[in-house]
Asks: 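Encoded as structure tokens, here's the structure I'll be asking about.
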Amino acid sequence: MRPTVYDIAAAAGVSLATVDRVLNQRPGVRLVTREKVEAAIRDIGYVRDVAAANLAKGRVYPLVFILPTGDNSFMHGLYAEVRQAMTRSAFERTEISIVEVPAFDTAALVAALDALHGTDLAGAALVAIDAPDVRAAVDRLVAARLPVVTLVSDLTGSTRHHYAGVDNIAAGRTAARLLGRFLGGRNGDVTVLAGSMLVRDHRERLEGFASVMAAEFPQLRLLPVLEGRDDPEIANALVSEALSGSNSIIGIYSLGAGNRGLIRALKATGHGRGLTVVVHELTEHTRAALQDGTIDAVLNQDAGHEVRSAIRVMKATADGQDVIAGQERIRLDIFLKDNLP
């Protein structure tokens, strides 16, 4: 049976009030009595329930989300989920703030991370850029005992505490299998639209996609990646130029954002060509494109689950508690026209 504060009091020969003062590091206890209580804690193997203690004390957890700006529909959804979490702050005992940085700007992200030193934060979550300076900035925060969670895009090799996002290599492999099967043995070219190879989630999706394409669909030739910086205008221009310049493109994989621009290009340039298109993230624009047949499949991650997971992990880490891995696993959904929620 798990030892309780009553067992500590009995072992040390003191009152419950004295045990409470020692556990919560409050004054009013003589040194010899404090040492006696601490010895009893060690001897009986008492493990304090920090989360319950913080709940009893009404602890509030100040948390920050560092998010990229830009015209990115998925990130707009992520912002909305963080703002929704703010409305639950009183119930969840959090104080959540958002720090905005320009998308794919390493220096701005490092500056935002470094500005967190010396604050009373209980945790920080960020959409990571996979760069040495960002990795070093995260490591400095962890060394300063601040829980750090990467969100959507990971930062492997850093000491961050947790990643809240999908398995992006598996997502890329899934996209390749869908595209290859939809194309049904046809020969031709496949073009890939990415945001930026600076972020790990895009690189990992490309890695998974390319590996399955090479192994199982060798009749499909992968063209050089188009980097649209998750900007609809840039994506529209890149895809329009690619389609206008080649009649051999039969498939498109959009592994980042910028899908509004892609959809515009498909409607203007790709109409009637029988293109097969797989994209990421279910938004109002990709939903409409699925419904009218402009695109064929959407791979989706639940931004709300990612935000809620990040909050749970930051709070648990701040309390020194273990994370429940199964609860924090982010699922990859596949949507076709026929199973839209």
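Not measured: the values here are computed from a predicted model. This chain uses plain numbering: 1 for the first residue, then up along the sequence.
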Asks: Can you establish whether the number of heavy atoms outside Asp322 located under 6.0 Å from its atom CG is more than 12?
Replies: no
Asks: With a 3.5 Å distance limit and no angle check, can you tell me whether Asp231 reaches the backbone of Ile234 through a side-chain donor-acceptor pair?
Replies: yes
Asks: Between the side chains of Glu281 and Arg260, is the shortest nitrogen-to-carboxylate-oxygen separation below 4.0 Å, so that they form an ion pair?
Replies: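 Salt bridge absent between Arg260 and Glu281.
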Asks: Any side-chain donor paired with an acceptor under 3.5 Å for Thr156 and Asp154?
Replies: no
Asks: Are the charged groups of Asp296 and Lys337 less than 4.0 angstrom apart, N to O?
Replies: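 No, this pair does not count.
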Asks: If only atom types and distance count, is the side chain of Lys315 paired as donor or acceptor with the main-chain N or O of Glu92 below 3.5 Å?
Replies: yes
Asks: Taking the side chain from Asp230 and the backbone from Asn72, do they hold a donor-acceptor pair closer than 3.5 Å?
Replies: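 No, because the side chain of Asp230 does not come within donor-acceptor range (under 3.5 Å) of the backbone of Asn72.
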Asks: Hey, what do you get for CG (Asp167) to CZ (Arg329), rounding to the nearest 0.5 Å?
Replies: 10.5 Å
Asks: Pairing donors with acceptors under 3.5 angstrom, does anything connect the side chains of Thr69 and Glu100?
Replies: no
Asks: Quick check on the hydrophobic clustering: are Leu179 and Phe335 connected, directly or via other members, by side-chain heavy-atom contacts under 4.5 Å?
Replies: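 Leu179 does not cluster with Phe335.
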Asks: Kindly indicate, with the supporting measurements, whether the criterion side-chain hydrogen bond (donor to acceptor under 3.5 Å, both in side chains) is fulfilled by Asp139 and Ser158.
Replies: CA-CA 6 Å; Asp139 290 347; Ser158 73; 4.6 Å; no
Asks: Can Glu233 and Arg264 be counted as an ion pair, charged N to O under 4.0 angstrom?
Replies: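 Salt bridge: yes.
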Asks: Does the side chain of Ser89 pick up a donor-acceptor pair with the side chain of Thr94 at under 3.5 Å?
Replies: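 Yes, Thr94 and Ser89 have a side-chain donor paired with an acceptor closer than 3.5 Å.
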Asks: Ile44 and Ala11: which non-hydrogen atoms are nearest, and at how many Å?
Replies: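 For Ile44 versus Ala11, the nearest heavy atoms are CG2-CB, 4.3 Å.
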Asks: Kindly check if the number of other-residue, nucleotide or ligand heavy atoms within 6.0 Å of CZ (Arg181) is above 12?
Replies: no
Asks: Do the side chains of Leu109 and Leu126 get nearer than 4.5 Å, heavy atoms only?
Replies: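 Contact flag for Leu126/Leu109 side chains = yes.
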Asks: Are Ile334 and Asn339 close enough that some pair of their side-chain heavy atoms sits under 4.5 Å apart?
Replies: no
Asks: Is any side-chain heavy atom of His76 closer than 4.5 Å to a side-chain heavy atom of Asp71?
Replies: yes
Asks: Looking at Arg221 and Asp189, is there a salt bridge between them, counting it only when a charged N and a carboxylate O are closer than 4.0 Å?
Replies: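 Result for this pair is yes, salt bridge flagged.
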Asks: In terms of hydrophobic clusters joined by side-chain contacts under 4.5 Å, are Ile96 and Val152 together?
Replies: yes
Asks: Flag yes if more than 12 heavy atoms outside Glu241 fall under 6.0 Å of its CD atom; otherwise flag no.
Replies: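 No, the 6.0 Å shell around CD holds no more than 12 heavy atoms from other groups.
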Asks: With hydrophobic residues grouped by side-chain heavy-atom distances under 4.5 Å, do Leu220 and Leu275 end up in a single group?
Replies: no
Asks: Find the distance between OG1 (Thr276) and CD1 (Ile249) and round it off to the nearest 0.5 Å.
Replies: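 Answer for the OG1-CD1 pair, Thr276 versus Ile249, is 13.0 Å.
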Asks: Only counting residues at least two apart or in another chain, list the ones meeting side chain to side chain donor-acceptor pair (under 3.5 Å) with Asp201.
Replies: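 For Asp201, the residues satisfying side chain to side chain donor-acceptor pair (under 3.5 Å) (neighbours in sequence not counted) are Ser153.
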Asks: Measuring from atom CG of Leu266 to atom OG1 of Thr294, what distance do you get when rounded to the nearest 0.5 angstrom?
Replies: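 Taking CG in Leu266 and OG1 in Thr294, the distance rounds to 7.0 Å.
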Asks: Does the Ser240 side chain pair with the main chain of Asn236, one donor and one acceptor, at a distance under 3.5 Å?
Replies: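 Indeed, once roles are kept as given, a pair shorter than 3.5 Å links the two residues.
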Asks: Considering all heavy atoms of both residues, which atom of Ala164 and which atom of His162 are nearest to each other, and what is their separation?
Replies: N-CD2, 3.9 Å
Asks: Would you please classify the geometry between the Tyr253 ring and the His280 ring as parallel, tilted or perpendicular, with 30° and 60° separating the classes?
Replies: tilted
Asks: Are any of the side-chain heavy atoms of Ile311 and Phe65 separated by less than 4.5 Å?
Replies: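 They are in side-chain contact.
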Asks: If you measure only the distance, is there a donor-acceptor pair under 3.5 Å linking the side chains of Thr106 and Asp133?
Replies: no
Asks: Going by distance alone, is a donor N or O of one side chain under 3.5 Å from an acceptor N or O of the other, for Asn259 and Thr286?
Replies: no
Asks: Atom CD1 in Ile252, atom CD1 in Ile295: separation rounded to 0.5 Å?
Replies: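 Nearest 0.5 Å value for the CD1-CD1 distance: 11.0 Å.
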Asks: Under 4.5 Å between side-chain heavy atoms, counting indirect links through other Ile/Leu/Val/Met/Phe/Trp/Tyr residues: same cluster for Ile66 and Leu78 or not?
Replies: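 Looking at the clustering, Leu78 is in a separate group from Ile66.
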Asks: Taking Ile169 as the starting point, is it possible to reach Tyr163 by hopping between hydrophobic residues whose side chains are less than 4.5 Å apart?
Replies: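 Per the 4.5 Å side-chain linkage, Tyr163 and Ile169 are not co-clustered.
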Asks: Just do the salt bridge (charged side-chain N to carboxylate O under 4.0 Å, His left out) check on Asp333 and Arg331 with the steps written out, would you?
Replies: CA-CA 6 Å; Asp333 292 315; Arg331 186 179 65 191; 2.9 Å; yes
